[in-house]
Amino acid sequence: MNSHAIRVHNLYRYFGALKAVNGVSFEIPHGSVCGFVGANGAGKTTTMRILASLDYPTLGVAEVCGYNVVSHPEEVRRLIGWMPDHFGNYEHMTVVEYLDFYARALGYKGKERRLRVQEVMEFTDLVPLAERFSNKLSKGNTQRLGLGRALLQDPQVLIMDEPAAGLDPKARVELKSLIRVLAQEGKTIFISSHILSELGEMCDSLLFINGGRIVHHGDAESMKQSTDAAGGFLYDVQVLNSSDALSAWCLLHPKVEFMESRKNGGRIRIDSPHLVDAADILQRMVKDGLKITEFHREERNLEDAFIDMLGKIERGELAGQKPPPMPDTSAFNPPVS
Ligand code: ATP
């Protein structure tokens, strides 16, 4: 087995002068869940469509389980399940007819086909909706249907473009638990989303793309534990005194900023990444008469980490992957017809 389920190396996709994907490289190991994050127009869908063999790269390599998406698209299509951000469904076709139609297209026959459609409907909880028209489903159930379609051929690699977009909180939780089950089954899942907090919970790694370039690839935990843009950390402090006493104390200490008042204390920012400085500040608070009942470092949420990262890029502090110089254009892959 190839060591990576997905490998992308120096991938470019230009639309005329627009550099939608501009020298992107990354690898996703088998059996892991990777979140793909970026602002609107960052290049997520374009990268995913290339991996799904639905578009050609201008240049570069994209592989699924060792198969190049340009030279071996049929092998790639047999290995992946693709869930696009929008997909058409047909009028007057019920849920079961819709899945049956795609199962036929995939080559399933007779009893095996009926069994597979039933399994997928059970997994996605679509059995009660089997006879409903597929184009009249709620957004959440439409996404279930899209996931069901992507799962029909029991893919090794699932590529999902914004599956949670437009879902209400309950439908998002349900989708998340389906994804968790698929991850436990050992599938490799590459999923794009704008809902960063949810991605953090289910992904082994997060891939950040900005302006067609990868700016970060790492695990969600290390991002949440990292400092803010100015090198500080937030702490939740609970006191038996009033919040005012805490904020007054902070005003007198230049390394500490009172950020927000809370029921029995507040949120403070310590201008240092070192725990020894936090311990020192705690000691001084106690010495100065603050009756501390709780003092702990807060995890940053991923939205904050992402916004910090974009700020660093704007200030030129974080360049992201440097695209290698574009080689001779005669090496380009064929253009899309
Ligand atoms: P979103 O989160 O809004 O879906 P995205 O990160 O998926 O954004 P892409 O859809 O990959 O972004 O688009 C990247 C850039 O490429 C955008 O500027 C988009 O307008 C452009 N683009 C995408 N497809 C085409 C196309 N077929 N022709 C011309 N430009 C395109």
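Every number for a ligand or one of its atoms is a count from 1 in the order of the listing. Throughout, residue positions are numbered sequentially from 1 according to the sequence presented.
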Colleague: How far is atom 9 (P) of ligand 1 from its nearest protein heavy atom, and which residue and atom name does that atom have?
Modeller: Thr46 OG1, 3.5 Å

Colleague: Could you establish whether Gly38 and ligand 1 come within less than 4.0 Å of each other, counting only heavy atoms on the residue side?
Modeller: no

Colleague: Is Ser243 close to Arg262 at the side-chain level, that is, under 4.5 Å between some pair of heavy atoms?
Modeller: no

Colleague: Need the ligand 1 atom indices (1-based, order shown) with element for anything under 4.0 Å from a heavy-atom of Gly43.
Modeller: 5 (P), 6 (O), 11 (O), 12 (O), 14 (C)

Colleague: Would one find an N or O of Phe15, backbone or side chain, under 3.5 Å from an N or O of ligand 1?
Modeller: no

Colleague: At a 4.0 Å threshold, what atoms of ligand 1 neighbour a non-hydrogen atom of Asn40?
Modeller: 1 (P), 2 (O), 3 (O), 8 (O)

Colleague: Under 4.0 Å from a heavy atom of Thr45: give me the atoms of ligand 1 that qualify, with their elements.
Modeller: 4 (O), 5 (P), 7 (O), 10 (O), 11 (O)

Colleague: Backbone or side chain, does any N or O of Glu162 fall under 3.5 Å from an N or O of ligand 1?
Modeller: no

Colleague: Quick check against the 3.5 Å criterion: does Arg13 have a side-chain atom that pairs as donor or acceptor with the backbone of Tyr56?
Modeller: yes

Colleague: What atoms in ligand 1 come closer than 4.0 Å to a heavy atom of Ala20?
Modeller: 14 (C), 15 (C), 16 (O)

Colleague: For ligand 1, which atoms have a heavy atom of Ala39 less than 4.0 angstrom away?
Modeller: 6 (O)

Colleague: Please identify which atoms of ligand 1 are closer than 4.0 Å to at least one heavy atom of Leu18.
Modeller: 15 (C), 16 (O), 18 (O), 21 (C)

Colleague: Using a distance threshold of 4.0 Å (strictly less than), state whether atom 16 (O) of ligand 1 has a protein heavy-atom neighbour.
Modeller: yes

Colleague: In the structure I gave you, are the side-chain heavy atoms of Asn10 and Ser25 within less than 4.5 Å of one another anywhere?
Modeller: yes

Colleague: Looking at CD of Glu27 and OG of Ser32, how far apart are the two atoms once the value is rounded to the nearest 0.5 Å?
Modeller: 11.0 Å

Colleague: How long is the straight-line distance from CD1 of Ile159 back to CD1 of Ile80, given to the nearest 0.5 Å?
Modeller: 4.5 Å

Colleague: Report yes if the distance between the aromatic ring centroids of Phe133 and His92 is under 6.0 Å, otherwise no.
Modeller: yes

Colleague: May I ask you to test the Trp249-Met285 pair for a side-chain heavy-atom distance under 4.5 Å?
Modeller: yes

Colleague: Considering only heavy atoms of Lys44, which atoms of ligand 1 have at least one such atom less than 4.0 Å away?
Modeller: 1 (P), 2 (O), 5 (P), 6 (O), 7 (O), 8 (O), 11 (O), 12 (O)

Colleague: Cationic tip of Arg297 within the cone over Phe233's six-membered ring, i.e. under 6.0 Å and within 45° of the normal?
Modeller: yes

Colleague: Any N/O of Gly41 closer than 3.5 Å to an N/O of ligand 1?
Modeller: yes

Colleague: Just checking, any donor-acceptor pair under 3.5 angstrom between side chains of Thr45 and Asp161?
Modeller: yes

Colleague: Which class fits the ring pair Phe190 and Phe26: parallel under 30°, tilted 30 to 60°, perpendicular over 60°?
Modeller: tilted

Colleague: Taking distance alone, with no angle check, do Ala42 and ligand 1 share an N/O pair under 3.5 Å?
Modeller: yes

Colleague: Protein heavy atom under 4.0 angstrom of atom 29 (C) of ligand 1, is there one?
Modeller: yes

